[in-house]
Amino acid sequence: MLLRFPQSVSEAQECLAEEAVPIGGATLVWATWQRDGFPQRAMSLRDLPEANVIGRESLGGAVVLNRVDERVPDVLRLAAATIGTGAVRRTASVGGNIVGSALRCLLPAALVLDARARVLDADGIHETDLAEVTAKRPLLLSLHWRAPLASAYRKLPGAAGGPPPLVVAAALHQDADGRNRLRVAVRDGYDVLSGSVPCAADTDAEQVLRALRRQALGDLPDEAWSTIGDQVCDLLGHQ
């Protein structure tokens, strides 16, 4: 297998044109390759500047999980810190988790940030939403968002050998028109559900929870709603 490390977008496009398979830390694909055979060409974005940004409103797809720190919102930092073991976090990448993993532990955090994705294909860089990223699995360069007023994340305990544990993420934003909006996303099994509610200064937690229950989140189990309630109460205190 020929593994290339492009240092520019144009080099990365050349790799795509040569049908090189994108890999991050290869934590998800290595066992499959050992069983089914290795591709002729692969590419890693670890040397591509556009895929290694870390900041208050951006995170690169090639960033390994143990580098996701206090520079990003709490919801993303906490999400990255709960994925796998320390050894996994030292090799697994943001892009691999969102695009390549069935668990997509970072996806609820990215959804409540209302993140947009910059992806690369044969025609160049373009911006898209997370729904397209998870459906089409393009080459993810980076995520971008407007910094929230506050955010929260919790992964609930899961049974060994059971379904994936519940993940609950929430963030409070100020929209472009100056009004606040609270976003919630939950991973229930392998499904990720989300909802959002506008929040005025006098909006209380019960109003928010009633509105969220009327959305796609409505059928979640009680333990998820307990955590959602705690996060909503905490985030409304930041208005």
Side-chain angles (χ1 to χ4, degrees), residues 27-28 59 65 68 72-86 88-89 92 94 96-115 117 129-135 137 143 145 148-173 175 180-200 203-239:
T27 53
L28 297 169
L59 183 62
L65 299 178
V68 181
V72 304
D74 286 347
V75 66
L76 266 179
R77 176 181 59 82
L78 295 170
T82 67
I83 297 172
T85 64
V88 168
R89 293 191 293 274
V94 170
N97 184 268
I98 290 180
V99 179
S101 171
L103 294 176
R104 299 176 295 179
C105 300
L106 294 179
L107 183 57
L111 284 170
V112 300
L113 291 175
D114 198 26
D129 57 29
L130 293 172
E132 181 174 327
V133 169
T134 56
R137 301 192 171 194
L143 299 173
W145 59 85
L149 300 174
S151 61
Y153 180 93
R154 185 183 175 200
K155 179 183 284 187
L156 280 68
L166 282 162
V167 165
V168 182
L172 180 67
H173 294 260
D175 288 340
N180 289 349
R181 178 171 290 274
L182 195 146
R183 293 185 171 89
V184 174
V186 178
R187 187 190 69 193
D188 181 17
Y190 293 96
D191 297 324
V192 178
L193 309 171
S194 62
S196 71
V197 178
C199 301
T203 302
D204 63 34
E206 286 303 318
Q207 289 175 290
V208 172
L209 292 171
R210 284 196 299 270
L212 288 172
R213 283 184 181 273
R214 293 193 292 268
Q215 301 178 26
L217 303 167
D219 293 330
L220 289 170
D222 290 343
E223 57 183 335
W225 279 108
S226 177
T227 301
I228 292 171
D230 291 342
Q231 292 183 354
V232 166
C233 289
D234 177 63
L235 293 178
L236 289 179
H238 291 271
Q239 291 202 97

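What you see below is based on every heavy atom in this structure, not just the backbone, and it leaves out hydrogens, waters and symmetry mates.
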Legend entry - side-chain contact (heavy atoms from CB on, under 4.5 Å) evaluation trace for L236 with D204: CA-CA 8 Å; L236 289 179; D204 63 34; 5.6 Å; no

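- At a threshold of 4.5 Å between non-hydrogen side-chain atoms, the residues Q231 and V184 do not count as touching.
- L149 has its side chain out of reach of H173: every pair of non-hydrogen atoms, C-beta onward, lies at least 4.5 Å apart.
- Take D188 and apply the salt bridge (charged side-chain N to carboxylate O under 4.0 Å, His left out) test, not counting sequence neighbours, and it matches no residue.
- Here the side chains of L76 and Y153 are not in contact, with every heavy-atom distance at 4.5 Å or above.
- Within the 3.5 Å criterion, the main-chain N or O of D129 finds no donor-acceptor partner in the side chain of E132.
- A donor-acceptor contact shorter than 3.5 Å links the side chain of N97 to the backbone of L106.
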Donor-acceptor list for residues 154-169 side chains, cut-off 3.5 Å, not counting sequence neighbours:
unit_1 : atom_1 : unit_2 : atom_2 : d
R154   : NH1    : T227   : OG1    : 3.3
K155   : NZ     : T82    : O      : 3.1

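- Within the 3.5 Å criterion, the main-chain N or O of I83 finds a donor-acceptor partner in the side chain of R89.
- At least one donor-acceptor pair closer than 3.5 Å links the side chain of T134 to the backbone N or O of L130.
- Judged by distance alone, the side chain of R187 and the main-chain N or O of L103 form a donor-acceptor pair under 3.5 Å.
- Minimum interatomic distance between C199 and L182 (heavy atoms only, all atoms of both residues): SG-CB, 3.7 Å.
- Side-chain atoms of S151 come within 3.5 Å of backbone N or O of V75 as a donor-acceptor pair.
- The CG atom of L220 sits 11.5 Å away from the CD atom of Q215 when rounded to the nearest 0.5 Å.
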Legend entry - Trace of the side-chain contact (heavy atoms from CB on, under 4.5 Å) decision for V186 with V192: CA-CA 6 Å; V186 178; V192 178; over 6 Å; no

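- You'll find the side chain of L172 reaches within 4.5 Å of the side chain of Q239, heavy atoms only.
- Scanning both residues, W225 and G218, for their nearest heavy atoms gives NE1-O, 3.8 Å.
- Residue L235 holds its CG atom at 12.0 Å from CD1 of I228, rounded to the nearest 0.5 Å.
- No donor-acceptor distance shorter than 3.5 angstrom exists from the side chain of S226 to the backbone of E223, with no hydrogens or angles considered.
- Nearest approach of A80 to V68, heavy atoms of both residues: CB-CB, 3.8 Å.
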Inset, instruction - Just do the side-chain contact (heavy atoms from CB on, under 4.5 Å) check on D114 and R183 with the steps written out, would you? - result: CA-CA 8 Å; D114 198 26; R183 293 185 171 89; 3.5 Å; yes

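- Heavy atoms only, all atoms of each residue included: L193 and A216 are closest at CD1-O, 3.7 Å.
- For the pair D175 and N180, the minimum side-chain heavy-atom distance is 4.5 Å or more.
- Take S194 and apply the side-chain hydrogen bond (donor to acceptor under 3.5 Å, both in side chains) test, not counting sequence neighbours, and it matches no residue.
- With R137 contributing its side chain and V99 its backbone, the two residues share a donor-acceptor pair below 3.5 Å.
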